[in-house]
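One is the number of the first residue; the rest follow in order along the sequence. Whatever order the structure lists them in is the order used to number ligands and atoms, beginning at 1.
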Amino acid sequence: MGLVQAYGPDDEPIYDPRHLCHAPQERVFIDGQWREGLSARDLLDPEGTGGVAVLAEFEAQVRAYQNYRDAQGRRAFALPVAESTTAAEILALDDMSMRDYFDRAGWSSERLRWYVDYCCRDDYGCTLETTSAWAGWHYFCSRPINGEYLTWPEGNGRIVRHLMDRVGDHVRAGMLVYRLRSTSGDDNGSSAGVEADVLDTQTDTPVRYRARRAIYALPRFTAGHVIEGYPPSDPGANAFTYCPWMVANLTVDRLPDGAAWDNVLYDSPSLGYVVATHQNLRVTPGPSVLTYYRPLSIPNPEVARAWMLEQRWDDWVSMIFADLAQAHPEIESLVRHIDVMLWGHAMIRPVPGFVWGEARRRAVDPHGAIRFAHSDMSGISLFEEAQYHGVRAAEAVMDDLGHAHQSSL
Ligand SMILES: Cc1cc2nc3c(=O)[nH]c(=O)nc-3n(C[C@H](O)[C@H](O)[C@H](O)COP(=O)(O)OP(=O)(O)OC[C@H]3O[C@@H](n4cnc5c(N)ncnc54)[C@H](O)[C@@H]3O)c2cc1C
């Protein structure tokens with residue numbers, strides 16, 4: 001994709017600066033004003049009441065987990081998750097919530113708790129109470145220190161275009177799989193494989209594909225509906241739970257003053273908004289799109305999903321304006337158009353016991369000729385995990401079929 005310009009002395013990639021998130025990157029609206037930055041340290045109130053000592057302990061724990069290596073040299077929290085240590089003292093963190101961890105550590109700083117809760121909602125759609133401490137620490141400790149963001153105006157669309165340029169001839173889009181069946185070979189010489197029944201949504205006709213292998217890269221909750229005979233009496237099937245999200249795109253005549261890439265509101269049910277045009281190298285002010293995110297993390301996915309479906313477009317618009325008006329009293333006058341998207345099963349929830357539990361670990365087990373991919377297989381919803389499981393499943397299929405290849409993992 002032309003992202004890496006060179007490699008540094010430690011073989012670290014040096015990225016083309018056009019793809020790295022430009023400054024100003026992040027700001028938070030707190031105490032009635034915007035503050036640049038979005039780290040726990042940026043949130044401390046200027047008088048520094050007691051929270052400073054707690055923050056120092058929190059940061060020391062982050063460093064300790066970042067520096068941790070087990071006997072095999074594995075990190076405590078790695079990206080992908082599969083490369084993390086399986087040492088008992090680290091996996092034990094998965095049995096408690098991040099809130100339990102804070103309570104046990106005696107970390108009562110309201111702002112630090114808010115910050116970590118915000119991070120859990122941002123990456124997992126879960127709260128401090130519903131995120132496992134393992135997943136909570138993974139957020140802070142798995143990424144490189146001083147890592148940078150790659151981002152594009154069209155988001156993942158850039159990656160999709162890159163892939164389609166190379167393999168587009170082999171891709172059939174608009175095909176809805178409604179039944180997948182693992183077949184065994186028969187006496188007439190047909191070999192074992194899969195049969196996929198698919199609705200071609202362009203022609204509204206059903207199509208049947210036969211293949212020697214299939215990779216099921218759909219969200220996990222669909223598997224029991226699509227794959228015949230799956231899960232084979234799996235008691236953990238309900239362990240996969242998902243947070244619903246509302247995402248809105250606000251088309252504005254001009255950006256609010258001082259907008260950064262990510263603009264967060266302290267103590268809001270939303271995560272604030274990201275400026276979609278932030279990476280455009282435009283110098284004159286003009287129209288833009290603000291993408292506003294609201295994970296529906298409470299009280300639980302079922303109730304939140306039902307509530308979400310009861311809201312009408314104008315209910316969402318009123319909620320969005322009321323939220324943003326704290327920081328931007330003029331917001332209504334800037335907005336020309338609002339698109340609201342509801343995602344019923346937006347993100348897998350790494351609740352206590354899930355990431356290192358039996359159901360998640362066994363989810364990658366093949367079912368006949370079907371292999372499984374998708375970021376759900378990691379228990380956390382991250383691009384790197386989706387990429388890892390796609391490559392892992394593809395390599396497993398090549399192994400099955402005897403295709404020689406060099407592993408990319
Ligand atoms: C609001 C939001 C913000 C996010 N932000 C980030 C971020 O900043 N960074 C990050 O790393 N991750 C982020 N994520 C997570 C990231 O989007 C996922 O981890 C990633 O998309 C998973 O990729 P995937 O290919 O495994 O699965 P998916 O993206 O879920 O792809 C599954 C595909 O299967 C298709 N499908 C479903 N059912 C059928 C069917 N019956 N027949 C045919 N096709 C079907 C779907 O249309 C979809 O295209 C975010 C997620 C959400 C919801």
When you check the side-chain N and O atoms of [X] and [Y], is any donor under 3.5 Å from an acceptor?
X	Y	answer
His328	Tyr273	yes
Asp339	His337	yes
His389	Ser378	yes

Heavy-atom protein neighbour under 4.0 angstrom from [atom]:
atom	result
atom 47 (O) of ligand 1	no
atom 7 (C) of ligand 1	no
atom 52 (C) of ligand 1	yes
atom 36 (N) of ligand 1	yes
atom 30 (O) of ligand 1	yes

The one among [options] that brings a heavy atom closest to [atom]:
atom	options	answer
atom 45 (C) of ligand 1	Thr201, Leu218, Leu199, Leu382	Leu218
atom 41 (N) of ligand 1	Val177, Val226, Asp123	Val177
atom 11 (O) of ligand 1	Tyr149, Trp245, Phe383	Phe383

For Ala346, take its heavy atoms, then give the atoms of ligand 1 lying under 4.0 Å from any of them.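 In order of numbering, the contacting atoms are 53 (C).
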Is any NZ, NE, NH1 or NH2 atom of the basic residue among [X] and [Y] found under 4.0 Å from an Asp or Glu carboxylate oxygen of the other?
X	Y	result
Arg179	Glu228	yes
Arg111	Asp42	no
Asp103	Arg113	yes
Arg104	Asp100	no
Arg74	Glu83	no
Arg172	Asp169	no
Arg212	Asp400	no

For [atom], what is the nearest protein heavy atom, given as residue, atom name and distance?
atom	answer
atom 50 (C) of ligand 1	Met347 CE, 3.6 Å
atom 14 (N) of ligand 1	Ser381 O, 4.0 Å
atom 23 (O) of ligand 1	Ala386 CB, 3.4 Å
atom 32 (C) of ligand 1	Ala217 O, 3.6 Å
atom 28 (P) of ligand 1	His374 NE2, 3.5 Å
atom 19 (O) of ligand 1	Ser375 OG, 3.1 Å

Sole candidate of Phe354, Phe221, Phe372 that passes ring-ring contact (aromatic ring centres under 6.0 Å, His included) when paired with Phe240: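 Option passing the ring-ring contact (aromatic ring centres under 6.0 Å, His included) with Phe240: Phe354.
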Looking at ligand 1, does Met175 have a heavy atom less than 4.0 Å from it? yes
Thr222 versus ligand 1: do any nitrogen or oxygen atoms come within less than 3.5 Å of each other?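 In this structure, Thr222 places no N or O atom under 3.5 Å from an N or O of ligand 1.
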